[in-house]
Amino acid sequence: MLDFHRADLARLAARDRLRVLAPMAGKDFASNDYLGLANSPRLAAAIARAVEEGVPVGSGGSRLLRGNHPEHEALEAEAAAFFGAEASLYFSSGYAANVAIMATLPQRGDLIVHDALVHASMHEGMKLSRAGSVAAAHNDANAFDDAIRAWRAGGGKGTVWIAVESLYSMDGDTAPLAELMAVAERHDTMLIVDEAHATGVFGDRGQGLSIAGERVVTLHTCGKALGCEGALVAGPRIVRDYLVNRGRGFIFSTAPSPLMARGVREALHILADEPERRTALHDRIALAGEHLAKHGALAGGTPIMPLILHDNGRTMRAAQALQARGFDIRGIRPPTVPVGAARLRLSITLNVEAADIRALDDALQEVLA
C-alpha cells in the first residue's frame, strides 16, 4: 500500500524538491507579516476585549445556517468602505476565496485570460470553472489585448474575465494595472485582481494597488500585512450576492471565526490610524534594496526581493547556511517557481531592523562566496 506515494517522495528528494516543515527561528526575512501586526499589542488587546464581550471563537456552522455572526457583517461593511467597493465577503483563506471567485463567477461560454504567473489558487479555481481559460505573457497588457481579440475573432461571445495579481509573490513585481484597466474598458471585460501582497503595503490607506469600480473584483488576504487570518472579496454587490448563492466554497464551508473577524476589523482600523507603519516599511524596503541588490536580489520597491540562484541544491544549501547564521530565509524551488528559477525569497517586514538588514548583507557575502 502507498507504494506510489513512497516512490514519488523519493523522486522529489532525488531532485532536491522534497518539502519539510520548519519552525520559526531567527530574524524574520521569510514571512508576509509586512507591517508587523501579527504580534501587535493593539490587535491582541482588541481580541481580548472581544473575548470579554462574549464574541465566540467558533462560528458553529456555515454562514447560510447558524454561522452568520454580527462580527462577520460588521467586518464586511467596514471592509467595503475601506476598499471603496459596494460590498465585500469574508472567506476563511485567500486560497479558498480565489478558488471560489474563479470557479463561480466566470460562466460557460466566457473566457478567463490570466497572467501566466497567477497564484496556484487561481489555477485550482479555473479547473473547476465552466469557462475556458488562456494564459497571457506575464505583465504584458498587449498580450491580454491580443488574447481577447483572437477569442472574439474566433466567435467568442461571452464575458471575458482578466485575472492578475497586483504584486506577485515570488518575483516581487507589480502588474500594469492602469494598462490592464484600459484593456478591460476597451473590450468591456471584468478585471479580477488578487491584492494579497499589496493590501496594507500600498495605497494611500493601505487599500492596495487597484482602483475599485463596477468591473473590478479584488481579493484582500487578511493573513499577510493585516496580521490576522482569512480573506475579503470586494466588488460590486452583485458579486457578493452571487458568491453567497452559487459559490460552493462559501456555501458549504463553516464560517470563519467571529473572533478573527473582530481582529481583521481592528487591523483595518490600524491601517487607517497608523500610516507611519507603511512609511517605516517603505524606508526599510529602500534600505534593503541598497544592501541586497548588490548580491543579485531583484529590488523593485516592494517587500519581496527574490535572489535567484537557479540550482535547487545550491538554493537550499544557501538557505540552510543563512538559517544557521540566525536569519529565517527559505529556499523556493519548482514547481512553486519555474524549473531553473530556484531562489531565496527575501521578504522585508517591520519585524526586522536596519541593523538586521546590514547583517544579512554581510552574511550573504559569506554564503554566496
Practice problem: Might you work through the side-chain hydrogen bond (donor to acceptor under 3.5 Å, both in side chains) test for His119 and Ser121, ending with a clear yes or no? | Solution: CA-CA 5 Å; His119 194 264; Ser121 54; 2.8 Å; yes
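- If you chain together hydrophobic residues whose side chains sit under 4.5 Å apart, Leu350 and Leu287 fall into the same group.
- Of the charged side-chain nitrogens involved, at least one lies within less than 4.0 Å of a carboxylate oxygen, so that Asp328 and Arg330 count as a salt-bridged pair.
- In this structure, Trp161 CH2 and Gln107 CD are separated by 7.5 Å, a value rounded to the nearest 0.5 Å.
- Salt-bridge formation is detected for the pair Glu274/Arg277: a Lys NZ or Arg NE/NH1/NH2 atom is positioned less than 4.0 Å from an Asp or Glu carboxylate oxygen.
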| request: Let me see the working for Lys27 and Glu353 under side-chain contact (heavy atoms from CB on, under 4.5 Å), right down to the final yes or no. | output: CA-CA 9 Å; Lys27 296 294 183 179; Glu353 303 293 339; over 6 Å; no
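- Residues Leu180 and Ala175 approach most closely at CD1-CB, 4.3 Å, considering heavy atoms.
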Task: His220 vs Thr218, side-chain hydrogen bond (donor to acceptor under 3.5 Å, both in side chains): CA-CA, chis, key distance, verdict - done: CA-CA 7 Å; His220 304 270; Thr218 56; 2.9 Å; yes
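- In this structure, Leu128 is not a member of the same hydrophobic cluster as Leu243, with clusters built from ILVMFWY side-chain heavy atoms closer than 4.5 Å.
- Both Leu105 and Val244 are assigned to one and the same hydrophobic cluster, defined by single-linkage of ILVMFWY side chains at heavy-atom distances under 4.5 Å.
- Asn351 and Asp28 form a side-chain donor-acceptor contact under 3.5 Å, judged by distance and modelled atom types alone.
- Evaluation of the side-chain hydrogen bond (donor to acceptor under 3.5 Å, both in side chains) rule for Arg186 yields Asp145 as partners, not counting sequence neighbours.
- Here the shortest heavy-atom pairing between Val339 and Pro334 reads CA-CG, 3.6 Å.
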Point to revise | side-chain hydrogen bond (donor to acceptor under 3.5 Å, both in side chains) between Ser88 and Glu76, worked out | key: CA-CA 5 Å; Ser88 74; Glu76 289 164 347; 5.7 Å; no
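- In this view, His138 and Tyr168 satisfy the ring pair (Phe, Tyr, Trp, His ring centres under 6.0 Å) rule, not counting sequence neighbours.
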| Should Phe29 and Asp356 be marked as a side-chain contact (heavy atoms from CB on, under 4.5 Å) after you check the CA-CA gap, both sets of side-chain angles, and the distance that decides it? | CA-CA 9 Å; Phe29 285 94; Asp356 301 320; 4.2 Å; yes
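- Val264 and Ile47 are members of different hydrophobic clusters when ILVMFWY side chains are connected at heavy-atom separations under 4.5 Å.
- Across all their heavy atoms, Ala212 and Phe83 have their closest contact at CB-O, 3.7 Å.
- Of the charged side-chain nitrogens involved, at least one lies within less than 4.0 Å of a carboxylate oxygen, so that Arg343 and Asp171 count as a salt-bridged pair.
- Judged as a ring pair (Phe, Tyr, Trp, His ring centres under 6.0 Å), and not counting sequence neighbours, His269 has no contacts.
- Remark: Arg63 fails to qualify as a cation-pi partner of Phe250 under the 6.0 Å distance and 45° angle criteria applied to the six-membered ring.
- When all heavy atoms are compared, the tightest approach of Ser31 to Ser347 is O-OG, 2.5 Å.
- In this model, a donor atom of one side chain and an acceptor atom of the other lie less than 3.5 Å apart for Glu195 and Ser210.
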